[in-house]
Structures are given as C-alpha cells and as structure tokens.
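A short write-up of the structure that comes next.
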Amino acid sequence: MSDDERVEEKELDLSSPEVVTKYKSAAEIVNKALQLVLSECKPKAKIVDICEKGDSYIREQTGNMYKNVKKKIERGVAFPTCLSVNNTVCHFSPLASDETVLEDGDILKIDMGCHIDGFIAVVGHTHMLQQGPVTGRAADVIAAANTAAEVALRLVKPGKKNQDVTKAIQEVAAAYDCKIVEGVLSHQLKQFVIDGNKVVLSVSNPETRVDDAEFEENEVYAIDIVTSTGDGKPKLLDEKQTTIYKRAVDKSYHLKMKASRFIYSDICQNFPIMPFSARALEEKRARLGLVECVNHELLQPYPVLHEKPGDFVAHVKFTVLLMPNGSDRITSHGLQELQPTKTVDDHPEIKAWLSLPVKSKKKGGGKKKKGKQVEKVEGETKPEPMET
C-alpha cells in the first residue's frame, strides 16, 4: 500500500457503512477473545500461555475474513494481549521464557486489541480470580473503574469536551475513595492509528497537558480508565519487563549493531504500524537489538508500570463509535458480582451523568426495520452504576 493510498484511506470514517462494519467485526472478535482469555484464567496457569492464546485467537479469526478479495486487507492483532496482576498497572505480556503464574485471589487486568483493514477495536477488563462476589476495597476499585467508564460513555459525545470527561472520571473515583491512575490516555482511533491526536487525559496536572478538544460525530475513541486504591502514580520498576513496542514511523537512524538491524528489519516487515509483542521476535536477538532501537527512538516502548504492593488496581477500556444516533460502545464484558463498601448514592452530579442517555432520540419515528435492529444491538450497554 503506497503512502498516498494510506492517506486517502485514513480519511474514511463512520459515515461509510463499510467502515462501521469493519469496526464492529473487529469488536466482535476481540470481545470473544476476551471471553476466551477469561476462561483460561485459573490458578497456576502461566500468564504467557494465556496471552499467546488471546493473540492466536485474534490472528485465526481475522485470518478467516476477507480471504477472497482482490485487494489484500490487512488484519490481525492491534494490541497484544496483556495480563497485569494485582498492583501491576498495565502492559504485562511476558516472553516465552517467563514462568509467572496466576494465583487464587489475584486481580487480573486484561487488555487487547484487534483490527480489520486498520479499523481498531480495543477492550480492557478487570476480573478477580475467586469464587463468589468481590468485596471490600477490591470491589471498590473495580466499581470505580466501571462506573467511571459508564459516565465517560455518556460524556464522550459530539459537543462535549475532553476536559469534561477528565473531571468527571476523577469525581467518580473519589466517590469510591480511589484514584484515577495518572499517565493513562484515551485516544481517538483512526484507520491504522491507535493513538490519534485527540486525547482525553486521565488526570490533569501541570506535568501532563493535552490540547483542548471537542468530540465530533463519526469519530471513534478508545476510552481507557485505570483506578487504584493507592496514590495513582505508578512507577517503572524494571525496564526488562517491557515487551510491547510500536514502530515510530516518523523516525530514522542507521543502526550500528547487526542484531539491531536484523530485528528492526523484521519489525518493519511484520509490524509496520501496530504495537507488537517481543514474543514474536527471536528472543536472544531481540534482547540485544531492541535496546538500540529504543535508545534511538525507532521504537516506542509500552512500559510495565506498578503501584505499591498491596494496592488494588482496576482497568476498563472500551471502544466507542460516535454515531449520528448516539454513542455505540462496541467492546465490553459483563462484571462479576461486586459488593463495594462505597456507593454514588450521595453524589447527585454522578447520578445525573449516569442518567444521561447513550442514544439520542430518533427524529420522525422509526424509518426502517434495520434501524430498529441496530438500536437493539447498540443499546446493550446499560446505564446502571456499579454501586450495588
């Protein structure tokens, strides 16, 4: 695909029914992949094996689509499966040699993405590895993330601004006596672009600033919310844990080491645009070559971050299409039963946000049966907060 073709195709948006179909097909696959990953999460299961099963499922399912078309359609993993446990915040997707296993009582954050023709659907979900309802502070932190996600869904709509969402999700987290984790960004998605220029900050502070932006019809966003019972300021503890990278397409440098050149050539051929896991590279060579690539900014690393031991961390990520008839959340997963110690009952502003409609009312009555079917699918996300 030439650069001119790619620029031309990037301008495609939700006004094209074919684009909507590709987003929804990617979402259906990643939702099922999440279900598969959850079914594999058992005590003593190796994290690397679970991550590999998630990625393999996405590759297999996308590989079965658009096989017999004249023009090759790129498709596959848009973000490698991550399984971050307990106080680990994000991006844990270990190499094949890693022996880390799950234990009963772990809080699991699953994060993954799929794309079809560059149209990306991502999902993030939190699950506690135990029988019965989740209680105490673990329930609080999961409820905070999910209620914040429900509020964000109602505020990411045409005419609203990114700072409206930032303020609201922090208020929700505070109601559960939790913090929104700093440094997490929600990005606009475009064709082949997982980190678009329009951004929602998780926490506004002097060190992190983004341009004010207004949401517009036919845009797509990955809304990314991480909550913590700690201080919400995660740290990078070990650079060696980083395994997910994305090629920086605007950077160039003549690499000195043979191993680096070999690895970078492999990346350019197989992962030119989307984030990838170093598991897909030859491990010994990758360890040597990736360092030089990162040092010279040819690759953007996705570091594994941690809160303090004993802190509970929850993560919710969803993809939302800003359709003419309202917001359509296309990725999600049902929750375990939660029994949090806090509720939003005494917070009228949060309750008012939660009562906002996700869909806009139809004008002039229902015109087509097809529209009614779409309404049914799109209305699956219900407005109840997680305070029960």
Problem - Option among V20, L12, L14 that satisfies the side chain to side chain contact (heavy atoms under 4.5 Å, CB included) test with N218 - result: L14
Practice task
Measure from the side-chain N and O atoms of N31 to the backbone N and O of I330, and report whether any donor-acceptor pair falls under 3.5 Å.
Solution key: yes
Problem - Heavy-atom donor-acceptor pair, R154 side chain to V358 backbone, under 3.5 Å - result: no
Could you list the donor-acceptor pairs under 3.5 angstrom formed between side-chain atoms of residues 308-322 and any protein atom two or more places apart in sequence or on another chain?
| unit_1 | atom_1 | unit_2 | atom_2 | d |
| --- | --- | --- | --- | --- |
| K308 | NZ | D231 | OD2 | 3.1 |
| D311 | OD2 | K308 | N | 3.1 |
| H315 | NE2 | D224 | OD1 | 2.5 |
| K317 | NZ | D111 | OD1 | 3.0 |
| K317 | NZ | D111 | OD2 | 3.4 |
| T319 | OG1 | V122 | N | 2.8 |
| T319 | OG1 | V122 | O | 2.8 |

Completion exercise
The reported gap from CZ in F271 to NZ in K246 (rounded to nearest 0.5 angstrom) is 14.5 Å
Completion exercise
Smallest heavy-atom separation, T229 atom then C178 atom, equals CG2-SG, 4.2 Å
Practice task
For the residue pair V210 and N162, establish whether any side-chain heavy-atom pair is separated by less than 4.5 Å.
Solution key: yes
Problem - Under 3.5 Å: donor-acceptor pair, side chain of D140, backbone of P340 - result: no
Practice task
Using salt bridge (Lys or Arg N to Asp or Glu O under 4.0 Å) as the criterion, list what pairs up with E282, not counting sequence neighbours.
Solution key: none
Problem - Heavy-atom closest pair, residues P303 and L236 - result: CB-CD1, 3.9 Å
Practice task
Ignoring hydrogens and angles, tell me if any N or O in the side chain of R137 forms a donor-acceptor pair with the backbone of A139 under 3.5 Å.
Solution key: no
Practice task
Would you kindly confirm whether I350 and V203 end up in one hydrophobic cluster when ILVMFWY residues are joined by side chain heavy atoms under 4.5 Å apart?
Solution key: yes
Exercise for the section: State which residues pass salt bridge (Lys or Arg N to Asp or Glu O under 4.0 Å) with R59; sequence neighbours excluded, sorted by chain then number. Expected result: E52
Problem - Side-chain H-bond candidate by donor/acceptor type, H306 with Q241, under 3.5 Å - result: yes
Exercise for the section: Find out whether Y302 and P275 are in side-chain contact, i.e. whether some heavy atom of one side chain is under 4.5 Å from a heavy atom of the other. Expected result: yes
Handout entry: Pair K46 + D98: basic N to acidic O under 4.0 Å
Key = no
Fill in the blank from the handout: OH (Y221) and CG (L153) are apart, to the nearest 0.5 Å, by 14.0 Å
Handout entry: E150 side, atom CD; W353 side, atom CH2 - distance, nearest 0.5 Å
Key = 14.5 Å
Handout entry: Same cluster (ILVMFWY, side-chain, under 4.5 Å), F215 and I169
Key = yes
Problem - SB check K42 E103 (cutoff 4.0 Å) - result: no
Exercise for the section: Show the numbers, then the answer: is there a salt bridge (charged side-chain N to carboxylate O under 4.0 Å, His left out) between E292 and K256? Expected result: CA-CA 8 Å; E292 190 182 6; K256 304 290 187 285; 5.7 Å; no
Problem - Pair R279, T243: side-chain N/O donor-acceptor within cut-off below 3.5 Å - result: no
Practice task
Check for a donor-acceptor pair, side chain of S265 on one end and backbone N or O of R261 on the other, with a separation under 3.5 Å.
Solution key: no
Problem - Enclosure of N68 CG (heavy-atom neighbours >12, cutoff 6.0 Å) - result: no
Handout entry: Non-hydrogen side-chain atoms of L255 and C293 separated by less than 4.5 Å
Key = yes
Exercise for the section: Mind running side chain to side chain contact (heavy atoms under 4.5 Å, CB included) on S204 and Q163 for me, showing each step along the way? Expected result: CA-CA 8 Å; S204 51; Q163 62 263 38; over 6 Å; no
Practice task
Kindly determine whether K251 and H296 satisfy side chain to side chain contact (heavy atoms under 4.5 Å, CB included), including the steps that lead there.
Solution key: CA-CA 9 Å; K251 302 283 185 186; H296 294 283; over 6 Å; no
Handout entry: Exceeds 12 heavy-atom contacts within 6.0 angstrom, atom CG of N64
Key = yes
Problem - 4.5 Å side-chain heavy-atom contact, T227 and V181 - result: no
Exercise for the section: With side chain to side chain contact (heavy atoms under 4.5 Å, CB included) as the test, would you mind laying out the steps for T147 and L354 before giving the verdict? Expected result: CA-CA 8 Å; T147 306; L354 288 165; 4.1 Å; yes
Exercise for the section: Using modelled atom types only, decide if a donor and an acceptor are shared between the side chain of S39 and the backbone of L36 within a distance under 3.5 Å. Expected result: yes
Handout entry: Heavy-atom pair with the smallest gap, counting every atom of H91 and I244
Key = O-CD1, 4.2 Å
Practice task
Group every Ile, Leu, Val, Met, Phe, Trp and Tyr by side-chain heavy-atom contacts under 4.5 Å, then state whether I180 and I223 land in the same group.
Solution key: yes
Handout entry: Pair H347-E171, side-chain donor/acceptor within less than 3.5 Å
Key = no
Exercise for the section: Run the numbers on Y245 and Q300 for side chain to side chain contact (heavy atoms under 4.5 Å, CB included), then give the verdict. Expected result: CA-CA 5 Å; Y245 302 88; Q300 172 196 328; over 6 Å; no
Exercise for the section: Identify whether I225 and V200 are in the same connected component of the hydrophobic contact network (ILVMFWY, side-chain heavy atoms under 4.5 Å). Expected result: yes
Handout entry: Backbone of F119 reached by a side-chain donor or acceptor of D117 within 3.5 Å
Key = no
Exercise for the section: Identify the two heavy atoms, one from A173 and one from K179, that lie closest to each other, and give their separation to 0.1 Å. Expected result: CB-C, 4.0 Å
Practice task
Look at atom CD of E217 and say whether more than 12 heavy atoms of other residues, nucleotides or ligands are closer to it than 6.0 Å.
Solution key: yes
Exercise for the section: Kindly work out whether a path of hydrophobic side-chain contacts (I/L/V/M/F/W/Y, heavy atoms less than 4.5 Å apart) joins V141 to L335. Expected result: yes
Exercise for the section: Output yes when a side-chain donor or acceptor of T331 lies under 3.5 Å from a complementary backbone atom of V123, and no otherwise. Expected result: no
Problem - Reported CG-to-CG distance for the pair N270 and D266, which is rounded to 0.5 angstrom - result: 5.0 Å
Handout entry: S93 (side chain) donor-acceptor with T81 (main chain) under 3.5 angstrom
Key = yes
Practice task
Compute both the distance and the angle, then confirm whether K22 meets the cation-pi test with Y66: under 6.0 Å from the six-membered ring centre, within 45 degrees of the axis.
Solution key: yes
Handout entry: Student check: side-chain heavy atoms of E182 and L201 closer than 4.5 Å
Key = no
Handout entry: Any side-chain heavy-atom pair of C268 and R247 under 4.5 Å
Key = yes
Exercise for the section: Ignoring hydrogens and angles, tell me if any N or O in the side chain of H187 forms a donor-acceptor pair with the backbone of G196 under 3.5 Å. Expected result: yes
Problem - salt_bridge(K198, E219) N-O dist < 4.0 Å - result: yes
Exercise for the section: Output yes when E28 and K24 qualify as a salt bridge under the 4.0 Å nitrogen-oxygen rule, no when they do not. Expected result: no
Exercise for the section: Please examine the side chains of C82 and F92, heavy atoms only from C-beta on, and report whether any two atoms are closer than 4.5 Å. Expected result: no
Fill in the blank from the handout: Value for CG (L83) from NZ (K109), rounded to nearest 0.5 Å, stands at 9.0 Å
Handout entry: Nearest heavy-atom neighbours spanning A148 and V172
Key = N-CG1, 3.5 Å
Problem - Shortest non-hydrogen separation from L288 to S260 and the atoms involved - result: O-OG, 4.4 Å
Problem - Side chain proximity check, V85 to I107, heavy atoms < 4.5 angstrom - result: no
Handout entry: Between CD on residue E307 and CG on residue N87, distance to nearest 0.5 Å
Key = 8.0 Å
